[in-house]
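I have placed the structure first, in the form of structure tokens, so that the comments after it can refer back to it.
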Amino acid sequence: MRNQITITNSIEITGKALFSGEDVTLIFRPAEPDTGIVFVRSDLNEPVRIPLHIDSVAHRPRRTAVTDGSVAIETVEHCLAAVHALGVDNLIIELNGGELPNIDGSCEPFAAKLLEAGFTELDKPREVFVIEEPVTIKNGDAVLYALPDKNDQLSIIYDLHYQHPLVGRQLYQFNLTVDAFMKDIAPARTFVLESEAREFQAHGIGKHLTGRDVLVLAEEGPIDNEFRYTDECVRHKIGDLLGDLMLLGRPVFGRIVAYRSGHQCNQALVRELNTQIQKQLHKRKLRAAEPLLDIRKIQKILPHRYPFLLVDRVIEIEGDRRAVGIKNVTMNELFFQGHFPGQPIMPGVLILEALAQMSGLLFAQRLEHTGQLAVLLSMDKCKMRKPVVPGDQLILDVEAVRIKNRTGDCRCKALVGDTVVAEAQIRFILVDADPV
């Protein structure tokens, strides 16, 4: 993975804002490593900085806006699509108004200015988000799927359905590269139906615009304009999606399948992906933190000993409801001698045994002063998802479903990284520790 980049020189672009019609000057400025993308309102008495993040998004129809809670910057998606596609990680976007210039309604003017400014590699690795688990977002008729992909890139399939004779259904597949973006996506302009344009102007929105400034679609064709592509509308939708994905704060690798998706649906997807990032960061912190139960404390609770003690540490405990532990799998494990020579794979039954032991540690939180022990009674819904091999670190995540007077149920899963490798529903019977 390459290092972060920023632009080499500051450069400006001017034009009228799409919705407000105000004259705006935007300046792209270089930024230090780990700055991210930061918008700056320089027209205020005290400049306001708004770091780009999904939490800074303001709810707006038909566009994407960011805010610090009191000051907003409107229509950022076309600029962000260019930033995303060109791989710029750190950038100050300074402007003297509340909305970005529209120029021709496409991403191309922003991309051209960034290319003119040049790029500088920084001495810090860039962080990316690789989609590892499928995500589905639905909003009315709109649907977005984020799917894992073996290729280290972003690919998008967009299926556009529009109730207009000039648009109808348009389907386009796009693999993100700089050349493909500049040739196939960047020139595609925002579009609006003639009836919508008249309604907007009746409410004082975009009154300065003509058919030459934005792609206005009448039934017989674009008003005072021409299509740049026969399927320009779906290409522009992909550009919008690229811009909205930049709200994640890092590039996305995977496959996005979109059906009738707009800004609201795009932003919901980014929120879900951001939740996955936070979960990953939380797991990393837990693994690096001091264990709540180290091996000596575990041995005081569990009767198991070598070579059958399969929990090395407990890193998270939520009362008697949930617990997370770790089993480090090394080539020194006794079972690898015969399972299998030349192709070492941890036996699935031992992964289940590790989950059972982790469940016993969870129940021990409740049974500590009751004189009872949790003894394995049954296992249901056992599934082996992926082989576990030497060098893997098993994360043992167990959650108590119910505990009755004499029985307890646990929902268990074992993970390597963020991938589930095994899962099971484990039932215990509670017995007296010292039966008479």
* Structure fact -> In terms of heavy-atom contacts, Ile13 and Pro101 come closest through O-CG, 4.4 Å

* Is there a side-chain contact between Phe129 and Asn274 (heavy atoms, below 4.5 Å)? -> no

* Asked: Would you say the side chain of Leu91 lies within less than 4.5 Å of the side chain of Phe28, judging by non-hydrogen atoms?
  -> yes

* Structure fact -> Between the CG atom in Leu376 and the CZ atom in Arg427, the distance rounded to the nearest 0.5 Å is 11.5 Å

* Who are the side-chain contact (heavy atoms from CB on, under 4.5 Å) partners of Glu116, not counting sequence neighbours? -> Ile11, Lys113

* Residues that Glu99 engages under side-chain hydrogen bond (donor to acceptor under 3.5 Å, both in side chains), provided they are two or more places apart -> Ser20, Thr75

* Structure fact -> Sorted by chain and number, sequence neighbours left out, side-chain hydrogen bond (donor to acceptor under 3.5 Å, both in side chains) with Gln264 holds for none

* Asked: Just wondering, do Arg62 and Phe200 contact through their side chains at under 4.5 Å, heavy atoms?
  -> yes

* Distance-only side-chain donor-acceptor flag, Gln4 / Asp34, under 3.5 Å -> yes

* Val401 vs Gln425, side-chain contact (heavy atoms from CB on, under 4.5 Å): CA-CA, chis, key distance, verdict -> CA-CA 9 Å; Val401 178; Gln425 191 95 9; 3.7 Å; yes

* To do: Please determine if Glu423 and Lys383 form a salt bridge, counting it only when a charged side-chain N lies under 4.0 Å from a carboxylate O.
  => no

* Any side-chain heavy atom of Gln357 within less than 4.5 Å of one from Glu353? -> yes

* About how many Å separate CG of Leu273 and CG of Leu247, when rounded to the nearest 0.5 Å? -> 11.0 Å

* **Arg189 to Ser106 - nearest heavy-atom pair and separation** => CG-CB, 3.9 Å

* To do: Taking the side chain as every heavy atom from C-beta outward, state whether Val40 and Arg49 have any atom pair closer than 4.5 Å.
  => yes

* Asked: Taking only residues two or more places apart in sequence, or in another chain, which ones meet Asp89 in a side-chain hydrogen bond (donor to acceptor under 3.5 Å, both in side chains)?
  -> Arg2, Arg126

* Asked: Under the salt bridge (charged side-chain N to carboxylate O under 4.0 Å, His left out) test, which residues partner Glu74, sequence neighbours left out?
  -> Arg60, Arg63

* Where do Asp104 and Arg228 land on the salt bridge (charged side-chain N to carboxylate O under 4.0 Å, His left out) test, with the steps shown first? -> CA-CA 12 Å; Asp104 67 351; Arg228 292 177 176 174; 3.0 Å; yes

* Between Ile93 and Cys79, which heavy-atom pair has the shortest distance, and what is it? -> CD1-SG, 4.0 Å

* Asked: Do Arg235 and Phe174 have side-chain heavy atoms sitting under 4.5 Å apart?
  -> no

* Asked: Among pairs that include at least one residue of residues 259-272, which meet salt bridge (Lys or Arg N to Asp or Glu O under 4.0 Å), considering only residues two or more places apart or in two chains?
  -> Asp141-Arg260

* Asked: Do Thr407 and Asp409 meet the criterion of a side-chain donor-acceptor pair at a distance under 3.5 Å?
  -> no

* Asked: So, the side chain of Asn102 versus the backbone of Ala17: is there a donor-acceptor pair under 3.5 Å, distance only?
  -> no

* With a cut-off of 6.0 Å (strictly less than), are more than 12 heavy atoms of other residues, nucleotides or ligands near CD of Gln173? -> yes

* **Ser56 (side chain) donor-acceptor with Leu52 (main chain) under 3.5 angstrom** => no

* Asked: Do Glu77 side-chain atoms and Thr64 backbone N/O form a donor-acceptor pair below 3.5 Å?
  -> yes

* **Straight-line distance of His53 NE2 to Ile37 CD1, nearest 0.5 Å** => 13.0 Å

* Ser261: which of Asp244, Asn266, Asn139 passes side-chain hydrogen bond (donor to acceptor under 3.5 Å, both in side chains) -> Asn266

* Distance-minimising heavy-atom pair for Leu217 and Cys233 -> CD1-SG, 4.2 Å

* Just jot down the ring-ring contact (aromatic ring centres under 6.0 Å, His included) partners of His161, sequence neighbours excluded, or say none. => Tyr259

* Considering all heavy atoms of both residues, which atom of Val329 and which atom of Val389 are nearest to each other, and what is their separation? -> CG1-O, 3.9 Å

* Is the number of heavy atoms from other residues, nucleotides or ligands under 6.0 Å of Gln343 CD greater than 12? -> no

* **With sequence neighbours excluded, residues passing salt bridge (charged side-chain N to carboxylate O under 4.0 Å, His left out) with Lys386** => none

* Which residues satisfy the side-chain hydrogen bond (donor to acceptor under 3.5 Å, both in side chains) test with Asp312, sequence neighbours excluded? -> none

* Pairs where residues 389-398 contributes a residue and the test salt bridge (Lys or Arg N to Asp or Glu O under 4.0 Å) is met, not counting sequence neighbours -> Arg322-Asp397

* May I ask you to check whether over 12 heavy atoms, not counting those of Tyr145, lie within 6.0 Å of atom OH? => no

* **Under 3.5 Å donor-acceptor, Asp149 side chain and Arg255 backbone** => no

* Does Asp294 use its side chain to pair, donor to acceptor, with the backbone of Arg296 at less than 3.5 Å? -> yes

* Taking the side chain as C-beta and beyond, is there a heavy-atom pair between Glu132 and Pro148 under 4.5 Å? -> no

* Would you please indicate yes or no on a ring centroid separation below 6.0 angstrom for Tyr172 and Tyr229? => no

* Side-chain heavy atoms of Phe119 within contact of Thr6, under 4.5 Å -> no

* Structure fact -> Across all chains, not counting sequence neighbours, the side-chain contact (heavy atoms from CB on, under 4.5 Å) partners of Thr190 are His78, Val214, His236

* Asked: Do you know which two heavy atoms are closest between Leu269 and Ile137, and how far apart they sit?
  -> CA-CG1, 3.7 Å

* To do: Dump the intermediate steps for side-chain contact (heavy atoms from CB on, under 4.5 Å) on Leu114 and Val83, then the final yes or no.
  => CA-CA 8 Å; Leu114 289 170; Val83 173; 4.0 Å; yes

* **Whether Glu12 side chain and Leu26 backbone form a donor-acceptor pair below 3.5 Å** => no

* Donor-acceptor contact below 3.5 Å, side chain Arg41 vs main chain Gly97 -> yes

* To do: Would you tell me whether Thr177 and Asp179 have side-chain atoms, one donor and one acceptor, within less than 3.5 Å of each other?
  => no

* To do: For residues 383-408, pull every pair meeting ring pair (Phe, Tyr, Trp, His ring centres under 6.0 Å), keeping only residues two or more places apart or in separate chains.
  => none

* So with a 6.0 Å cut-off around CG of Asp123, is the heavy-atom count from everything else above 12? -> no

* Please assess Ile326 against Asn328 for the test side-chain contact (heavy atoms from CB on, under 4.5 Å), listing each intermediate value before the final yes or no. => CA-CA 6 Å; Ile326 285 176; Asn328 294 303; 3.7 Å; yes

* Asked: If you measure from CG on Leu86 to SG on Cys107, what distance do you get to the nearest 0.5 Å?
  -> 10.0 Å

* Structure fact -> Output for pair (Ile345 CD1, Leu350 CG), nearest 0.5 Å, gives 13.0 Å

